[in-house]
Structure formats: structure tokens, C-alpha cells
Amino acid sequence: PVLGRVHASRPDLVVGFSPRSSSSPEEKRRRKESSQAATPASRRTPTERSAPPPPAAAILLASSNSPPPLLPSLCRPRVGRHRIGFPRARAAMEPESADDAALAGCKDKLKHFRIKELKDVLHLLGLSKQGKKQELVDKILTILSDQQDQVSQLNGLTKKPAVEKETVLKIVDETFRKLHSPANSAAASPNQIDSGQSVKPKKKLNGSAQKDVNVRCPCGSSIANGSMIKCDNPQCNVWQHVGCVIISEKSAESVPQELPSSFYCDICRINKADPFWVTINHPLLPTSIAPSKIATDGSYTIQYLEKTFPLSRANREMLQKAEYDIQVWCILLDDQVPFRMQWPLHSDMQINGVQVRVVNRQPTQQLGANGRDDGPVLTEYCKEGPNKIVLSRSDSRMFSLGVRIAKRRSLQEVLNLVPKEHDGEKFDHALARVRRCVGGGAEADNADSDSDIEVVADRVSVNLRCPMTGSRIKIAGRFKPCVHMGCFDLEAFVELNQRSRKWQCPICLKNYSLDDIIIDPYFNWITSLVSS
């Protein structure tokens, strides 16, 4: 009878040993010759030379529904002296170990991929690119795992998988090599974000480059170390640390940080937020406000920021004039509307011990996309010499706070900042945009056509009334990035934003700044004809 035991990982595989008496005389002779050939005669003792060969162990592989009884310990071979191999069992297990190694290597490479690389891999595999980052990783790993084959077997499917595992491994390996190539070691491989817009690569400044750059970061350090990002304002050219001003999603530390398509430092953002104020100087440079810590009950604890800024005699005399004021401002670093003020939740401020109201909204209410916070004026609370400001807040987000001396601009001064008609946009470009919107042009690219006008007509009616005031447009203004035909009255729009500070297109409701406003040459030509 065969004595054996069930294999650990294969219940249907029985590994057993046959007794010594089952070997034939010819097999005994062959084992004796191979044993003598393996051991030199000089090393064998006289007893070993005359002793019969050790008991042979033969592997019996059989498929059985019920396992045979366990092998008694007296019949087990001496593994320590005579090595027993399982050639067929090892051959059956080798493919599984190879697949496990390939799957582990692929998982390790996918950890270094960003969302863009994951979408590129799925695009090459012909799979959907929708979902969060972990969902994209799971889609790739599903092809490499054996779950797909097991599901096919259970459903009785005999079709070959749409994508071979070797193809997936090759695509992942090539994407990994491109990501870590020398040309892309300090930046994203194509230097693009998911929407296809180009981004600036991260730069590390070293050596003499550190002495030539202007570093002004909310963290307070003026040393250019690590990854730096430069302000897009050509008159600013300030460098800041990426880790201090770019708030990324929670991900692995080894994953490179994606940079925005455009970046403005905190001072340039506050200057663009309200063009009716022009900054004279900064008694307190921007300083970062760290997020509040989480208490044991899950709420955010109240934290305090205490700063001191000096006020010289010359600045104090300047503040005596009506058009000058000293203002404290605050912005959210990762705000979706970059050019506006925003204060943390539960904000409370004191200037030299005097309570100052910060916001007009509820302390627990977050600022919406159409909301704007004010910068409290501190002129009557400040004195010559050192001034102390204390801010308490309870918010999990990162902010930047500063104090500036600013001068008010008049409405005409702000209107003069808008470029002249011939400097903003050429007439031919404006006419081409109108043709694309109505669908009557010869341009092949009709991607920015107006969704409200889909049928080519001989005539198209356009309202020449301002969408904000309802009166007839005198000077047709528009935001340059907008692709629609609609315009607004320039003077009325700027005057209304003196109070609201939204700088939001009244037609498409997108947020911009005063620097993006131009005079539409085509519709301004029409309005001038109507007025005359």
C-alpha cells in the first residue's frame, strides 16, 4: 500500500514514499553505482563499501479525493544525509513564483507613478482612465493577477484575455524607465498635468545659482534649497519652496509633486485681488499659518499666531493722509480662486490688545467660489514703533498672512490700467472668434463654438445690453481667455467690482483678474457705430 500525505498547497496532490522492497534488482544496482560514483572510494569506510545502499524514496504523484493515511515516522527517509527532490512538484510551482515576482515588481513601480502615468498605461491597454489614483492602480493589477483567469474559469469562458500579462509588464516597465530617465529626473516626464496644459518643472538651485536668485518664502527662509518654483510675474521673479506653497494630495513621498500651470507668489496674488489698492511697502512680510491640530474628540484645536511688526515715523506720517492705510491680509495657499482674500475659520484678531473684527460671515462658514473676504484696516490701532498682532483660528488648511501699507486708486486710475483697444486684441482675431462662435467661419477647429448657437443662420441677433446693468454697452469689454461672444460695459463693470472685488465674467462666471480685461475691437466697433 502507498503511504503518503497531502501536499500543503495542493489538496489533490499526494506525495508519498514506497517501501524499500518495491524496488527492483536493476534499480538497486543503478543506485549503488551512482552512490559509489558520487563518493570517492578513499573516503568510504570498509563498512560503507560493503553496506547496501540506503532506502530509496520514490515520489508518487496521484490525484485522489480522499487523502491516504499519514506516513509513519519510522518509514520517513533521512533527509539530512540523502537529499530528496520533487522534480514534478517544483516544475508545477515555478510559474506561480515567477508570476508573484513579476506582480511584486509591477506593484513597486506603480507606487512611483502619478495619475498621468497611470492614465497613459491604461490608454495603451485600451482601458478606461476614469477613477481615483488607487482605482487606476487596481485596474492594472487586475490584469496581472490571477483573479481574471479564475473568474473566466468559473463562468465557463474559454476566451483568451484581451491583454496579455507580458504586454502589461512591458508597458509598465517602459513607462517607469521614461519617468526616471535623466532628462526627466527633476520634473514630470512630459511636464504636463492631466488637462494637457504645460507646467514648469521643479528646479533645484545649487552653487552660484543660489546667490543670484531672490528667495522670499512664507516659511521665512531665504535659502534656495530643494525644489523651488518661480513667480510668473515678470516684475517679481521671486522663488519659493515647493513644499511650502504647493499643497498636494496625500500620497506617497516618492511620488513627484505636480506643479500648477501658472504660479503667483502670495504678494502678487494679493496685489491682483484688489487693483483699487496699490502696495507701498510691507511692514510684515508674508508668513505661513500652519493648520490646526486635531483634538481627541475629532475637532480642530484653536491655535494662535503672534507676530510683531515695526512702524517707522515716516510711515506713520504717511498714514495721516486720507488715501493711505495700513491693512492686514490673508490668503488660502491652495485656493481655487487665487486672486482673493480668505481668512481661516473661527478667526479672531487683536492689534496691540484691541479686538478687531476679521470677517462678516459666520465663523464656521467656509468661503464659497463667489465670496470675498476683506482686509481689516489697522490705521487707527497702530502706533509708531513695534506693533503686536495676534490671530487665533481653528482651520485645517494652510494660509499666508501679511501686513501692508497701501494707497487707494480712483476709478479712472484703474480704468487706465486696461490696455487700449489696439493693444489688447487685433480686429481680425476678434472677427475670427465671432465666426467660430456662430459656426459660419471656414475654420476647421470649432472647439470653442458657442453651445447656444448650433445652427448656421443668415443672421444672428446679439444683445448689446450689459448683462450687469441692463443698459446699452458704451465700451465693450471682455476677459481675454473667454471664448464666447458676449461682452459687458467696461466702465460699469469696473465700478461694480470696486465694491464686490469679484472680477468674475458675468457671462461664463469664470474668475479672472483686472490684467485679463481687454476691449473687444469687433463689438466696440459696432457700439461706436450705434452711438453715432
Side-chain angles (χ1 to χ4, degrees), residues 200 202-233 235-248 253 257 259-260 263-273 279-293 300-312 315 326-335 338 341-344 347-352 356 358 375-376 378 382 385-406:
K200 295 181 180 62
K202 291 189 290 183
K203 298 180 181 179
K204 286 189 176 182
L205 305 175
N206 48 30
S208 60
Q210 294 184 358
K211 303 178 182 179
D212 300 334
V213 299
N214 180 18
V215 179
R216 190 196 66 236
C217 190
C219 66
S221 175
S222 59
I223 301 176
N225 53 2
S227 300
M228 308 292 293
I229 189 170
K230 185 180 180 181
C231 179
D232 286 349
N233 188 356
Q235 299 176 356
C236 179
N237 293 326
V238 165
W239 291 81
Q240 294 184 335
H241 302 109
V242 173
C244 298
V245 296
I246 304 298
I247 312 300
S248 61
E253 296 181 355
Q257 236 174 348
L259 303 184
F263 173 77
Y264 289 91
C265 68
D266 34 23
I267 289 183
C268 291
R269 286 174 58 182
I270 203 63
N271 291 337
K272 288 175 174 289
T279 303
I280 303 301
N281 57 29
H282 296 272
L284 178 62
L285 288 175
T287 179
S288 60
I289 302 178
S292 301
K293 299 179 180 179
Y300 291 99
T301 59
I302 298 179
Q303 289 186 320
Y304 295 88
L305 175 69
E306 183 177 329
K307 291 291 181 180
T308 302
F309 62 91
L311 190 63
S312 63
N315 289 336
I326 184 168
Q327 182 189 49
V328 57
W329 55 267
C330 184
I331 61 172
L332 178 64
L333 289 181
D334 58 343
D335 198 344
M341 292 188 190
Q342 183 172 176
W343 290 88
S347 293
D348 194 9
M349 182 182 295
Q350 291 184 359
I351 303 295
N352 295 327
V356 178
V358 179
L378 311 178
C382 294
N387 294 267
K388 182 180 179 181
I389 179 172
V390 179
L391 175 68
S392 63
R393 80 281 180 195
S394 178
D395 203 311
S396 61
R397 298 168 295 176
M398 288 280 294
F399 292 83
S400 179
L401 178 139
V403 177
R404 67 173 179 172
I405 296 178

Heavy-atom pair with the smallest gap, counting every atom of [X] and [Y]:
X: Tyr264; Y: Cys231; value: CA-SG, 3.8 Å
X: Ala224; Y: Val215; value: CB-CG2, 3.8 Å
X: Gln240; Y: Pro218; value: NE2-CD, 3.9 Å
X: Leu333; Y: Cys244; value: CD1-O, 3.5 Å
X: Arg393; Y: Leu305; value: NH1-N, 3.6 Å
X: Thr308; Y: Pro386; value: CG2-CB, 3.9 Å

Is a side-chain N or O of [X] found less than 3.5 angstrom from the main chain of [Y], in a donor-acceptor match?
X: Asn237; Y: Gln235; answer: no
X: Gln350; Y: Val390; answer: no
X: His241; Y: Ile223; answer: yes
X: Asn315; Y: Leu311; answer: no
X: Arg269; Y: Ile331; answer: no
X: Asn352; Y: Lys388; answer: yes
X: Ser396; Y: Pro291; answer: no

Please test Thr287 against Ser400 for side chain to side chain contact (heavy atoms under 4.5 Å, CB included), starting from the C-alpha separation and ending with a verdict.
CA-CA 5 Å; Thr287 179; Ser400 179; over 6 Å; no
To the nearest 0.5 Å, tell me how far [X] [atom1] sits from [Y] [atom2].
X: Ile289; Y: Arg397; atom1: CD1; atom2: CZ; result: 11.5 Å
X: Ile270; Y: Arg404; atom1: CD1; atom2: CZ; result: 5.5 Å
X: Leu401; Y: Trp343; atom1: CG; atom2: CH2; result: 5.0 Å
X: Ile302; Y: Ser394; atom1: CD1; atom2: OG; result: 6.0 Å
X: Trp329; Y: Thr279; atom1: CH2; atom2: OG1; result: 9.0 Å
X: Leu259; Y: Ser227; atom1: CG; atom2: OG; result: 8.0 Å

Using a 6.0 Å distance limit plus a 45 degree cone around the ring axis, check whether Lys230 lies over the aromatic ring of Phe263.
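Judged by the rule, Lys230 and Phe263 form no cation-pi pair.
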Among side-chain atoms of Ser292 and Asp395, is any donor-acceptor pair under 3.5 angstrom?
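Ser292 vs Asp395: no donor-acceptor pair found between side chains.
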Test: Arg216 and Asp266 ion pair at under 4.0 Å
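A salt bridge is present here (some side-chain N lies under 4.0 Å from a carboxylate O).
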Is any side-chain heavy atom of [X] closer than 4.5 Å to a side-chain heavy atom of [Y]?
X: Val403; Y: Ile326; answer: yes
X: Leu332; Y: Met398; answer: no
X: Cys236; Y: Cys265; answer: yes

Which is it for Leu284 and His282 under the side chain to side chain contact (heavy atoms under 4.5 Å, CB included) test, yes or no, and what are the steps along the way?
CA-CA 5 Å; Leu284 178 62; His282 296 272; over 6 Å; no
